[in-house]
Amino acid sequence: MSLTVELALSERAAGRSIALRLAEVIAAKPAAVIGVATGSSPEPIYAALADLVRDGLDASQVTWFALDEYLGLPAAHPQSYRSVLERALIRPLGLDPASLHVPAGHPATADADAEAYERLIGEAQVDVQILGIGHNGHIGFNEPGTPFASTTHRAVLTSTTRKANARYFDSLDLVPRECLTQGIATIMRAGTLELIASGAEKAPAVARALRGPVSEDCPASVVNLHGSVRVTVDADAASLLSSIAS
Ligand code: PGA
């Protein structure tokens, strides 16, 4: 059982540290399966991975699985998570877009698509899953109250999450209301979890996840039940870690 908290000097250093560990995984297993997250937190990881690829890392055999996708945005919409990950990860690393799996975003077939994604990811077996954390403690789009036993499913975004993501859209109204997300049980099947958080605004969620009770009220607290977790935080995101009793 291991949960390590690493204090990084900056957001960029946090990304570099995780990218270096991913590079080790890929060097040992070129056809590794890596779970990827969207949002601003993981961006430094992808930027550092692109640097490592420029320096000779071969990531061409890796298969990538996204955590989630909005329902109702066409795949080619600039804010669909397929587009975001193609921009942040696939193109900078010079990878084949077919190596990236993202849940489908069609509301009409969401339940069948969720089952298909769960099956696909189950067959692939994720080696390392990258996670951000929401202000409300969500992981993927598993909002507070989502059962720890959940598998890939259709979910409704909370207003906190929609407001946080409105920065990527022209108005709050345009932020989708639903998504398909890997469930918490899906995420927990990954061999290793790499959670990244930076900035003071994430400090309460990080502290609740790591120092508060393990509870479905704080989805990220489930990482305490996983055997291999690394949480990489900058000083601001770590700032409340000592003030909440374990
Ligand atoms: P952020 O999102 O990295 O953009 O803050 C994280 C999340 O909502 O999981």
Side-chain angles (χ1 to χ4, degrees), residues 15 19 22 31-51 53-54 59-124 126 129-132 134 138-143 151-183 186-187 196:
L22 292 176
V33 179
I34 299 179
V36 284
T38 47
S40 50
S41 307
E43 281 171 8
I45 305 174
Y46 308 141
L49 266 182
D51 288 343
V53 165
R54 265 192 298 278
S60 63
Q61 293 179 58
V62 174
T63 301
W64 313 87
F65 277 91
L67 278 172
D68 43 22
E69 179 60 287
Y70 290 121
L71 286 184
L73 292 185
H77 186 287
Q79 294 309 328
S80 78
Y81 283 171
R82 162 148 307 267
S83 298
V84 168
L85 286 166
E86 287 188 358
R87 258 191 329 268
L89 175 77
I90 297 297
R91 274 183 239 143
L93 272 70
L95 303 172
D96 181 354
S99 66
L100 170 67
H101 298 278
V102 183
H106 313 301
T109 53
D111 291 337
D113 292 338
E115 261 183 55
Y117 198 73
E118 183 70 17
R119 209 170 28 246
L120 194 65
I121 205 165
E123 285 162 8
V126 174
Q129 175 65 56
I130 297 168
L131 295 172
H138 75 199
I139 47 173
F141 274 137
N142 293 289
E143 303 285 25
T151 54
T152 303
H153 61 285
R154 178 180 196 149
V156 175
L157 307 188
T158 59
S159 62
T160 328
T161 298
R162 289 186 67 246
K163 278 184 201 141
N165 290 8
R167 67 194 195 277
Y168 297 115
F169 292 83
D170 289 339
S171 76
L172 177 59
D173 243 23
L174 296 175
V175 182
R177 293 171 188 279
E178 286 188 283
C179 65
L180 270 202
T181 180
Q182 283 188 36
T186 322
I187 292 169
I196 183 167

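Sequential numbering from 1 along the given sequence is applied to the chain's residues.
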Are [X] and [Y] close enough that a side-chain donor and a side-chain acceptor fall under 3.5 Å?
{"X": "His77", "Y": "Ser83", "value": "no"}
{"X": "Glu118", "Y": "Thr151", "value": "no"}
{"X": "Thr152", "Y": "Glu115", "value": "no"}

Minimum heavy-atom distance between [X] and [Y], given as atom pair plus value:
{"X": "Ala37", "Y": "Gly132", "answer": "CB-N, 4.1 Å"}
{"X": "Ala66", "Y": "Tyr117", "answer": "O-OH, 2.6 Å"}
{"X": "Thr38", "Y": "Val84", "answer": "CG2-CG1, 4.0 Å"}
{"X": "Pro74", "Y": "Ser80", "answer": "O-CB, 3.6 Å"}
{"X": "Gly39", "Y": "Pro42", "answer": "O-CD, 3.3 Å"}
{"X": "Leu100", "Y": "Glu86", "answer": "CD2-CG, 4.2 Å"}

Measuring from [X]:[atom1] to [Y]:[atom2], what's the distance to the nearest 0.5 Å?
{"X": "Ile34", "Y": "Gln129", "atom1": "CD1", "atom2": "CD", "result": "10.0 Å"}
{"X": "Leu93", "Y": "Ser60", "atom1": "CG", "atom2": "OG", "result": "10.5 Å"}
{"X": "Leu67", "Y": "Leu131", "atom1": "CG", "atom2": "CG", "result": "6.0 Å"}
{"X": "Glu178", "Y": "Arg162", "atom1": "CD", "atom2": "CZ", "result": "10.5 Å"}
{"X": "Arg167", "Y": "Leu172", "atom1": "CZ", "atom2": "CG", "result": "13.0 Å"}
{"X": "Thr63", "Y": "Ile121", "atom1": "OG1", "atom2": "CD1", "result": "11.0 Å"}

Give a yes or no on whether the backbone of [Y] and the side-chain of [X] come within a donor-acceptor separation of less than 3.5 Å.
{"X": "Arg87", "Y": "Pro78", "answer": "yes"}
{"X": "Thr109", "Y": "Ala112", "answer": "no"}
{"X": "Asn142", "Y": "Gln182", "answer": "yes"}
{"X": "Glu69", "Y": "Thr181", "answer": "no"}

Side-chain contact test, heavy atoms from C-beta onward, threshold under 4.5 Å: evaluate it for [X] versus [Y] and give yes or no.
{"X": "Ser99", "Y": "Gln61", "value": "no"}
{"X": "Pro103", "Y": "Tyr81", "value": "no"}
{"X": "Cys179", "Y": "Arg154", "value": "no"}
{"X": "Leu22", "Y": "Ile130", "value": "yes"}
{"X": "Glu143", "Y": "Thr160", "value": "no"}

Could you tell me which residues satisfy side chain to side chain donor-acceptor pair (under 3.5 Å) with Asp51, sequence neighbours excluded, listed by chain and number?
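Side chain to side chain donor-acceptor pair (under 3.5 Å) check on Asp51 returns Arg54.
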Go through Arg177 and Leu157 one step at a time and tell me if the side-chain contact (heavy atoms from CB on, under 4.5 Å) criterion holds.
CA-CA 6 Å; Arg177 293 171 188 279; Leu157 307 188; 6.0 Å; no
Go through the steps for Leu180 and Asp68 under the test side-chain contact (heavy atoms from CB on, under 4.5 Å), then give the verdict.
CA-CA 6 Å; Leu180 270 202; Asp68 43 22; over 6 Å; no
Tyr46: ring-ring contact (aromatic ring centres under 6.0 Å, His included) partners, not counting sequence neighbours:
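In terms of ring-ring contact (aromatic ring centres under 6.0 Å, His included), with neighbours along the sequence ignored, Tyr46 is linked to no residue.
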Where do His101 and Trp64 land on the side-chain contact (heavy atoms from CB on, under 4.5 Å) test, with the steps shown first?
CA-CA 6 Å; His101 298 278; Trp64 313 87; over 6 Å; no
Examine Tyr168 together with Tyr70 and report whether their ring centres are nearer than 6.0 Å.
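Ring centres of Tyr70 and Tyr168 not closer than 6.0 Å.
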With side-chain contact (heavy atoms from CB on, under 4.5 Å) as the criterion, how do Val62 and Val33 come out once you've worked through the C-alpha distance, each side chain's angles and the decisive distance to 0.1 Å?
CA-CA 6 Å; Val62 174; Val33 179; over 6 Å; no
When you look at CG of Asp96, are more than 12 heavy atoms from neighbouring residues, nucleotides or ligands closer to it than 6.0 Å?
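More than 12 heavy atoms, drawn from other residues, nucleotides or ligands, come within 6.0 Å of this atom.
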